[in-house]
Protein chains: 2
Amino acid sequence: MFSTASNPKVAIAAMAAMKPQLATMDELFSTSPRETLEMGEGLFWEGDRAQHIFEITEGVLRIFKIIADGRRVITGFLYAGDMVGLSLKNVYLYSAEAVTPVKVRRLTRKAFQDAIENSPELRPQLFSLMCDEMAAAQDQMVLLSRKSAEERLCSFLMMLGQRQSGQTQMPKTIQLAMSRQDMADYLGLTIETVSRTVTKLIQRGIITPNGRHAFDLTKPGKLLALCGDGDSYEDVGDPAVKTRQAVWPH
Amino acid sequence: MFSTASNPKVAIAAMAAMKPQLATMDELFSTSPRETLEMGEGLFWEGDRAQHIFEITEGVLRIFKIIADGRRVITGFLYAGDMVGLSLKNVYLYSAEAVTPVKVRRLTRKAFQDAIENSPELRPQLFSLMCDEMAAAQDQMVLLSRKSAEERLCSFLMMLGQRQSGQTQMPKTIQLAMSRQDMADYLGLTIETVSRTVTKLIQRGIITPNGRHAFDLTKPGKLLALCGDGDSYEDVGDPAVKTRQAVWPH
DNA sequence: CGCGATCTTGATATGCGTCAACTGCGGTGG
DNA sequence: CCACCGCAGTTGACGCATATCAAGATCGCG
């Protein structure tokens, strides 16, 4: 249902019809000035009046909640092309901070709403983004619910790898934009457990450190097998791994 | 942004304009026959070709994924008025089964898509539902990431209570439609831990069993305090805490 | 009344959290 | 240019919450 945002047919159809309407989310934000955030700077806070929608054009953002005793739960990382601030509440339901230097463009909620309502091209794209976000949230629930520390970390590295390679094969180097503490808060672990688990993967030769914030993938097949995403025939796992790649091109 | 699904103004405006278009999701499905599912029966499975969208008119559905070693993660429970099957993938990303006897109505994806595209009344309602689902998913991530067994169970009971009372005050009895195993798979615990934690709450007089699948709320205030959702008067942080309460009408 | 399914309770194991010390790197100032 | 400082990350020792394994207990149903 609904064409996906990445489907080029959407844009082509719009051009053919010579519509003056906006055809991509990026165009929608194109009239807004870019704003920059320094590393660690906040974009908005949970509970703030939600007046704007933001499009990230560069960098990495973390969105998180703080609970009772002050602990932080990072519910997601957002990258160039993602939007943040979508909600129908009058306040933001989470906080957003720059992990790296970030560039964003903003639109008022009203302007955004009007554009969406008036553009049959944009609506499916928004729907698509929301569905992807929902699917990611469910995968994260599986991770937090049942995966071991090792499975969590491997899943996370795979996710980063896939993002960096743009859906093609795994890159040979994975860049980590975030700190160990960020990883811990995203994976539902402590910083110590993340550190120990990384060390174990290195000792097993599955990844090799490449500076403090990057790893080389020395055994990508093993990494995938350790994700705990099933279809594994237990210890063996290599042919099964291929199957999954075919079935879930994600 | 966008009126919420529960905002009566939407329907009133539509009537005033005498539009022939569908004004509520329920009307959208009203031409489809009701289908019934027995307790435990499946509606669709993860990986099935996703051909339909379903509206639940009665009963409770669980949606879940099965991972590697056969363990099950329930990512949500759905109730009358909810829709299930929304996605832009060609296959369902999770399975759906009846927890209680369930009645549903179905629409093909195409019919649903067309209706949404043609109805300015329906679109904000769909958007609203998706936003609520996203907010619930994030709350669940917080629960799974950082809450103790007791906090998880109390949060779950509060959620059930709020649903049953229709956003008003807590009801004095909470009905559990699901088994302990379902609760465990939803809360990221084992059935034994759920059972023990329930027993502890009973012994502390916070809840009182009322049959095997219902509890009376003897100390609703205590239950709320044990959710771990902050706003606790704990030891420190009082000014900050008050601020947060004001900001989160939740 | 008895059988199976669901739930509870108990004993033990373990993975991860906690607390604490240490390491190494990068920046800063003398 | 080097010495120092501070922070991010690592490593180690230990404890605890929850999982696991194993009996019972209770409920519903034939």
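Model, not experiment: these values are computed from the prediction. We name chains A, B, ... by the order of the sequence lines, and we start the count at 1 in each one.
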Could you state the [atom1]-[atom2] distance from [X] to [N], rounded to the nearest angstrom?
X	N	atom1	atom2	result
A/Leu144	C/dG17	CG	C1'	16 Å
B/Asp185	C/dT6	CG	P	13 Å
A/Ile191	C/dT18	CD1	P	13 Å
B/Asp182	C/dA5	CG	P	17 Å
B/Leu176	C/dT6	CG	C1'	14 Å
A/Arg146	C/dC16	CZ	P	14 Å

Side chain to side chain contact (heavy atoms under 4.5 Å, CB included), paired with A/Phe29, selected from A/Thr57, A/Ile53, A/Ile56: A/Ile53
message: Using only modelled atom types and a 3.5 angstrom limit, is any donor from either the side chain of A/Glu192 or the base of C/dC19 paired with an acceptor on the other?
response: yes
Would you call [X] and [Y] a salt bridge, using N to O less than 4.0 angstrom?
X	Y	result
A/Arg105	A/Asp26	yes
A/Lys65	B/Asp229	no
B/Arg72	B/Asp182	yes

message: Below 4.0 Å from chain B heavy atoms, what is the first contacting nucleotide of DNA chain D and what is the last?
response: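 Counting from the 5' end, contacts occupy D/dT18 to D/dC27.
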field: For DNA chain D, the residues among residues 200-214 of chain B that have a non-hydrogen atom under 4.0 Å from it
entry: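 Heavy-atom contacts with DNA chain D come from B/Arg212.
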